[in-house]
K.L.:
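Next up is a structure, given as structure tokens.
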Amino acid sequence: MRKTKVFGGSSHPELTSLITGRLGVEPGAVKLSQFKNKETSVEIGVSVRNEDVFIIQSGSPKINDSLMELLIMINACKGSSAQRITAVIPYFPYSKQSKKKKHRGAIAAKLVANILSISGVDHIITMDLHASQMQGFFNLPVDNLYAEPTIGKWIQEHVDDWENGVVVSKNAGGAKRVTSLADRLNIDFALIHMDRTRKGHAQDPDHSLSKPENIYNRLEEEDDDDDSMVDAETGHEIHRAEAADETSLMTLVGDVQDKVCFIVDDMIDGCHSFLEAADNLVSHGAKQVYIIATHGILSGNSLRQIEECSNVHKIVVTNTYPIPIEKRALCSKLVVLDISATLAEAIRRTHNGESISYLFSQVPKN
């Protein structure tokens, strides 16, 4: 590719190497460092004047450092007269906060979109946004690619009796994603509905979902990937579902008897709700349970818990998010799919001014 520079941030060097290898180019020279006070420093080591620049930087365990590094890299290239700057962000930072979940909450994903625009980026390439409406946060082109073709191909090639399978959503918010994969594979789908009610409210005639606080709680439950957060001050995990005054009722809609089940979501951070869903499916007669997600964040001891859960056969994620080798070794059930072919082809087509519609439904040929 002529007049093109591809740079990689420090968040996911393995993915950068895979993408540049497929493109047949060397990563652009860039010096990434931090001052003693933890400020990020970026020095672009080659000329980018009138070049088509692509910067690969995904989310990572050091999410704030990775985001700041990306912003400075974009601004450095903008100030060096790059013709066009495309940020390739496989896992978009703060995508879980794409709407207000509490009355005084923040829409952090919109804030990140604004900051990226101000930094000087011209185009965004990302994958499986937590909410597709996030594309509207930008006043510039956004290509939201899908891992579904790669996942569907893996299922067809590596899962026995997949034709007798069921794609399952563990909450109402993921129904659209699940039905899309089910249609691609031409198999059935099912839905698990988690109903959390506070003790005593069932007998309270005045307690209904029409109250604002209950509406917000229901929305939060429908598309959260797990029920845990970490207290910023103490560092302790907070499990909402384990609150003393709260009970949970899981309802399965669909038939999973003697079938292979695929629990599908866009990301897996904590695994609590996934394991609950797997237990529920097995209790209803499921033959095998696969957990499948695009972004394998897998915080804390999630992999160890999945390894110890006898009801989970495999966990399948893509390499949009960095998973260290030592962490992968914790779980023999973990399968990591390479998504670099899709991202590399998106970069090539963007540079050449070609349509990328093909990538929404097909896996690029190696």
Side-chain angles (χ1 to χ4, degrees), residues 14-15 18-19 21-22 90-91 127-128 145-170 174 177-190 254-268 271 274-275 277-279 281-282 285-298 302-325 327-345 358-366:
E14 178 189 359
L15 182 59
L18 289 169
I19 292 173
R22 290 181 181 275
Y91 170 65
M127 181 165 282
D128 278 332
L145 304 175
Y146 304 121
E148 180 186 294
T150 302
I151 291 170
K153 182 181 179 182
W154 183 88
I155 290 174
Q156 291 172 320
E157 293 178 352
H158 294 88
V159 179
D160 296 331
D161 198 25
W162 65 267
E163 299 92 340
N164 188 37
V166 181
V167 187
V168 182
S169 174
K170 66 181 181 63
R177 184 179 300 107
V178 160
T179 53
S180 177
L181 181 59
D183 290 343
R184 168 179 288 274
L185 298 173
N186 195 26
I187 60 177
D188 294 331
F189 68 91
D255 179 24
V256 299
Q257 183 70 40
D258 297 323
K259 295 185 178 182
V260 179
C261 293
F262 308 101
I263 304 175
V264 176
D265 210 341
D266 65 309
M267 71 174 77
I268 174 169
C271 65
F274 283 91
L275 298 184
D279 293 341
L281 292 171
V282 171
K287 184 165 65 174
Q288 280 183 338
V289 177
Y290 289 76
I291 295 175
I292 301 176
T294 302
H295 311 298
I297 302 172
L298 298 165
S302 296
L303 281 176
R304 193 179 301 278
Q305 291 177 11
I306 293 170
E307 178 71 16
E308 294 172 354
C309 180
S310 60
N311 291 332
V312 176
H313 181 66
K314 292 284 185 183
I315 171 172
V316 182
V317 298
T318 72
N319 60 346
T320 56
Y321 192 91
I323 305 176
I325 295 176
K327 191 171 182 178
R328 297 185 189 190
L330 296 175
C331 184
S332 61
K333 301 176 183 179
L334 178 65
V335 176
V336 181
L337 307 182
D338 182 16
I339 209 71
S340 63
T342 300
L343 295 169
E345 184 64 12
Y358 172 84
L359 300 176
F360 295 144
S361 58
Q362 303 293 327
V363 180
K365 296 179 181 179
N366 292 327

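In this chain, residues are counted from 1 in sequence order.
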K.L.:
Report yes if the side chains of Ile151 and Phe262 come closer than 4.5 Å at any heavy-atom pair, otherwise no.
P.N.:
no

K.L.:
Which pair of heavy atoms, one from Thr342 and one from Met127, lies closest together, and at what distance?
P.N.:
CG2-CE, 4.0 Å

K.L.:
May I ask you to decide if Ile306's main-chain N or O and Lys333's side chain share a donor-acceptor pair within less than 3.5 Å?
P.N.:
yes

K.L.:
Nearest 0.5 Å, please: how far is CD in Glu345 from OH in Tyr358?
P.N.:
8.0 Å

K.L.:
Strictly distance-based, threshold 3.5 Å: is any side-chain N or O of Asn164 a donor or acceptor partner for the main-chain N or O of Asp258?
P.N.:
yes

K.L.:
For a side-chain contact (heavy atoms from CB on, under 4.5 Å) check, start with the C-alpha distance between Val335 and His158, then their side-chain angles and the critical distance, and finish with the verdict.
P.N.:
CA-CA 11 Å; Val335 176; His158 294 88; over 6 Å; no

K.L.:
Is there a side-chain contact between Lys287 and Asp161, using heavy atoms and a 4.5 Å cut-off?
P.N.:
yes

K.L.:
As an exercise, state the distance from OH of Tyr91 to CG of Asp266, rounded to the nearest 0.5 Å.
P.N.:
8.5 Å

K.L.:
May I have the step-by-step check of side-chain contact (heavy atoms from CB on, under 4.5 Å) for Asp265 and Phe274, ending in yes or no?
P.N.:
CA-CA 9 Å; Asp265 210 341; Phe274 283 91; 3.8 Å; yes

K.L.:
How close do Gln305 and Cys271 get, heavy atom to heavy atom, and via which atoms?
P.N.:
OE1-SG, 3.0 Å

K.L.:
Could you grab the distance from atom CG of Leu343 to atom OG1 of Thr320, nearest 0.5 Å is fine?
P.N.:
8.5 Å

K.L.:
Shortest non-hydrogen contact from Pro90 to Leu15?
P.N.:
CG-CD2, 3.6 Å

K.L.:
Going by heavy atoms in the side chains, are Asp255 and Val166 under 4.5 Å from each other?
P.N.:
no

K.L.:
Taking Arg184 for the side chain and Ser361 for the main chain, is one N or O donor matched with an acceptor at less than 3.5 Å?
P.N.:
yes

K.L.:
Can you find a heavy atom in the side chain of Ile268 that is under 4.5 Å from one in the side chain of Ser302?
P.N.:
no

K.L.:
Would you say Tyr321 and Thr294 make side-chain contact, with heavy atoms under 4.5 Å?
P.N.:
no

K.L.:
Going from CG on Asp279 to SG on Cys309, what distance comes out if it is rounded to the nearest 0.5 angstrom?
P.N.:
5.0 Å

K.L.:
Using modelled atom types and a 3.5 Å cut-off, is there a donor and acceptor pairing between side-chain atoms of Arg328 and backbone atoms of Leu334?
P.N.:
no

K.L.:
Looking only at non-hydrogen atoms, find the nearest pair between Leu330 and Arg304 and report the distance.
P.N.:
CD2-NH2, 3.4 Å

K.L.:
Apply the test side-chain contact (heavy atoms from CB on, under 4.5 Å) to residues Val178 and Val168: give CA-CA distance (whole Å), side-chain angles for both, the deciding distance (0.1 Å), then the verdict.
P.N.:
CA-CA 6 Å; Val178 160; Val168 182; 6.0 Å; no

K.L.:
Would you give the length of the straight line joining atom CG of Asn319 to atom NE2 of His295, rounded to the nearest 0.5 angstrom?
P.N.:
11.5 Å

K.L.:
If you compare all heavy atoms of Ser332 against all heavy atoms of Lys314, which two are closest, and at what distance to 0.1 Å?
P.N.:
O-NZ, 4.1 Å

K.L.:
Which heavy atom in Cys261 sits nearest to a heavy atom in Ala286, and how many Å separate them?
P.N.:
SG-CB, 3.7 Å

K.L.:
Drop me the distance from Ile315's CD1 to Glu307's CD, to the nearest 0.5 angstrom.
P.N.:
11.0 Å

K.L.:
Are any of the side-chain heavy atoms of Asp188 and Lys259 separated by less than 4.5 Å?
P.N.:
yes

K.L.:
Would you please classify the geometry between the Phe360 ring and the Tyr146 ring as parallel, tilted or perpendicular, with 30° and 60° separating the classes?
P.N.:
tilted

K.L.:
Check step by step if side-chain contact (heavy atoms from CB on, under 4.5 Å) holds for Ile339 and Thr150.
P.N.:
CA-CA 7 Å; Ile339 209 71; Thr150 302; 3.4 Å; yes

